[in-house]
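All remarks here apply to the structure that follows.
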Amino acid sequence: MRHKRRGQVSPAFRQHRNALRIRRITMTFPGLGGAADSLMARRPDGLIHGLDDKPQALTLAALGLQHFMVAAPNLAIVVMICRAAGVDAATAEGVLSFSLIVLAIATLVQCSRRLGSGYFIVACNSGIYLSASLAAAAGGLPVVCGMTLVAGIFQAFFASLLVRARRFFPNEIVALSIIIVGIEIGVIGLTRLSGAGVPGLVVGGATFFVSVVFGVFGRGSWRLYCSLLGMSCGYLMHLASGIPGPGSAGDAFSSALFGLPSFAHLKLEFDLGYLLPFLFAAVAASLKTMGAVDICARINDAAWVRPEIRAIRRGVLADGLSTALSGMFGSTGTNSSTSSVGVSHASGATSRVIGIAVAAWMLAFALSPAFTHLVVNLPDPVVGGTLVFTGCLVIANGFQILGTVPMDMRRAGVVAFPLLVAIARVANAPLFAQLPDSVKPLMSSALAIGVFTALLVNAFLSWGNARRATIALDPAHPVGEQLRRVERILREWNVAHNVKVRVMLTLRELLDEHASSLKLEFNGCTLHVNLTRTGSSQDAQTTPHGRFFSDRVSDAMARRKRADGSSVISLCFEQ
């Protein structure tokens, strides 16, 4: 009979032992309620196909087509940039085909646990780069592609600095950047739909109205495809109105069903005058991807407690490489599709295997000249109405994120003044016309101006704003009383609830008769905890039963010995 070596335990026994530890701690400190249970990952009840599930073939194909249809309206952004750059229809069809090929590769990489975030996130052409790309389109499509390549490389580099730089990009700046992007998209859409006079306004207004009706009152698939239904209705009205357009639908149906795209447009040029708008667009795209990965983590874990920093870093890196690849293949910037994330949540299907089906549909449509011809010849009023609807959704998402921020005068200043400056840029205020000609190209994007201003205001208002507190620990006082003191301090500092739970559970385990002092420091994003222990004969790393929470719930942990024999345990918690 084979015996286990001493110290070895079965996984079932280990799980049972951890559950007993959680129960014992929550009984000792009832103020935590059931928060300790949230440290054990749980599959949500509403999920039909979880992250590691493999749906059947027909179900997989249907889900993949659904997500492709949700991301397809963003192809109108590629069409608009091609028209602004003055390329012909045949070249635009090649750009569109390569855009879909890049999106298929980006979706596969993003769904990979080793290369990307490991969550089911569909890539799409992003409106974040729309304003910067339209400005660069004055120099031709090669300039747009070259600067998109630079933006993707910068975003990949930014991913490596994400953890350290995160404190400079709080949630209010994330929300602000998303709101500015929505304003820019909406204004561009209004400009496009008004180009054909009153008939164009009618077609664009109908496109927007139908999208809103199905988005608000629709149920099931009607609501999921609200934007696509609005585009279809607007296209039919455009054909009936007789307004001149870039092409006819009959040409699309007479095109070949399958064929290879043209390589004639593959050329890169660079103009440093557009560098700043593209770099700030890359930062905004990184912030959006951070939010998408965070949302996916919450969807797939009913006991979600904290952001997964490594998954976020890999997701932003994959997004940056996707944008760089898109520039190399002659297309525009890409980003994660938050609409697709919302659809996966609503449908209960978050399996990363669905990403393979979505990529397959993207490749199939990329090799279809009939499909690309139909998209390229979308009328301007239809494209404009779709962009107005998309801009409204983006603005709503930004305000939703802003609503989660505990607002005070400092945060209000970080949001209000930069938003006012960005709106002034969109409205072409006389202030910007008085700037020197050498600076005007840098000020062409409202997103760049808004984010740059927000960073300056945040840095100025946050100067010396770090919170610090030192607590002398008396062994004669109960641990619960000491923890309540810490909890009051964290509540006054507006520390997020999930961070407070993790700190409470960790300190409940580490505080004993050897703990002499506790230092807390919070900069608005990261909470540092230093616990000094004196006269301890046993270190937490060599305790016979180990430490359950202290080694699991903090983002970083370090121990060091002092010359006087005491030791310091340093913990770091990212908000």
Side-chain angles (χ1 to χ4, degrees), residues 65-84 89 92 96 124-127 130-131 134 181-253 337-340 342-343 346 365 370-397 426:
L65 180 60
Q66 173 178 262
H67 283 276
F68 171 77
M69 290 301 182
V70 171
N74 286 56
L75 296 175
I77 295 173
V78 182
V79 175
M80 180 176 295
I81 294 173
C82 289
R83 291 177 185 174
L96 197 64
C124 67
N125 292 100
S126 176
L130 180 58
S131 177
L134 287 177
V181 168
I183 292 174
E184 284 189 321
I185 294 175
V187 171
I188 293 172
L190 289 173
T191 304
R192 288 289 174 175
L193 64 87
S194 60
V198 175
L201 287 174
V202 174
V203 172
T207 303
F208 172 77
F209 179 75
V210 172
S211 300
V212 171
V213 168
F214 282 105
V216 175
F217 301 103
R219 294 292 182 271
S221 299
W222 296 103
R223 184 176 182 181
L224 295 179
Y225 303 142
C226 59
S227 181
L228 200 61
L229 291 171
M231 291 177 63
S232 302
C233 180
Y235 196 89
L236 293 176
M237 288 190 62
H238 178 270
L239 295 177
S241 64
I243 303 174
S248 62
D251 296 334
F253 293 109
S337 174
T338 51
S339 300
S340 180
V343 170
F365 283 105
F371 174 78
T372 55
H373 188 88
L374 185 64
V375 175
V376 165
N377 288 284
L378 283 175
D380 272 351
V382 177
V383 175
T386 303
L387 289 179
V388 172
F389 178 70
T390 303
C392 293
L393 292 180
V394 172
I395 293 174
N397 291 334
V426 173

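Hydrogens, waters and symmetry mates are skipped; everything else that's a heavy atom, side chains included, is used.
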Fill in: Closest non-hydrogen atom pair between P379 and R83, with its separation
C-NH1, 4.0 Å
Worksheet item: How many angstroms lie between CZ in F365 and CG in L65, if you round to the nearest 0.5 Å?
Response: 6.0 Å
Item to complete: Could you tell me the separation between the CG atom of L201 and the CG atom of L190, rounded to the nearest 0.5 Å?
Response: 9.5 Å
Discussion item. Could you measure the distance from the CG atom of N125 to the CE atom of M80? Nearest 0.5 Å is fine.
Written reply: 13.0 Å
Worksheet entry | Side-chain touch I77/L387, heavy atoms, less than 4.5 angstrom | yes
Fill in: Set of side-chain contact (heavy atoms from CB on, under 4.5 Å) partners for A84, sequence neighbours left out
L134, A137, R192
Worksheet item: What closest approach, in Å, do G230 and S211 show between heavy atoms, and which atom pair accounts for it?
Response: CA-OG, 3.4 Å
Fill in: Pairwise side-chain contact, L75 with F371, heavy-atom cut-off 4.5 Å (strictly under)
yes
Fill in: Nearest heavy atoms of C233 and V210, plus distance in Å
SG-CG2, 3.6 Å
Discussion item. Could you measure the distance from the NE2 atom of H238 to the OG1 atom of T207? Nearest 0.5 Å is fine.
Written reply: 10.0 Å
Practice prompt. With V203 as reference, evaluate V198, D380, L236, V382 under the side chain to side chain contact (heavy atoms under 4.5 Å, CB included) test and give the passing residue.
Written response: V382
Practice prompt. Name all residues meeting the side-chain contact (heavy atoms from CB on, under 4.5 Å) criterion together with C124; count only those two or more places apart in sequence or in a different chain, and write none if there are none.
Written response: A71, N74, S337
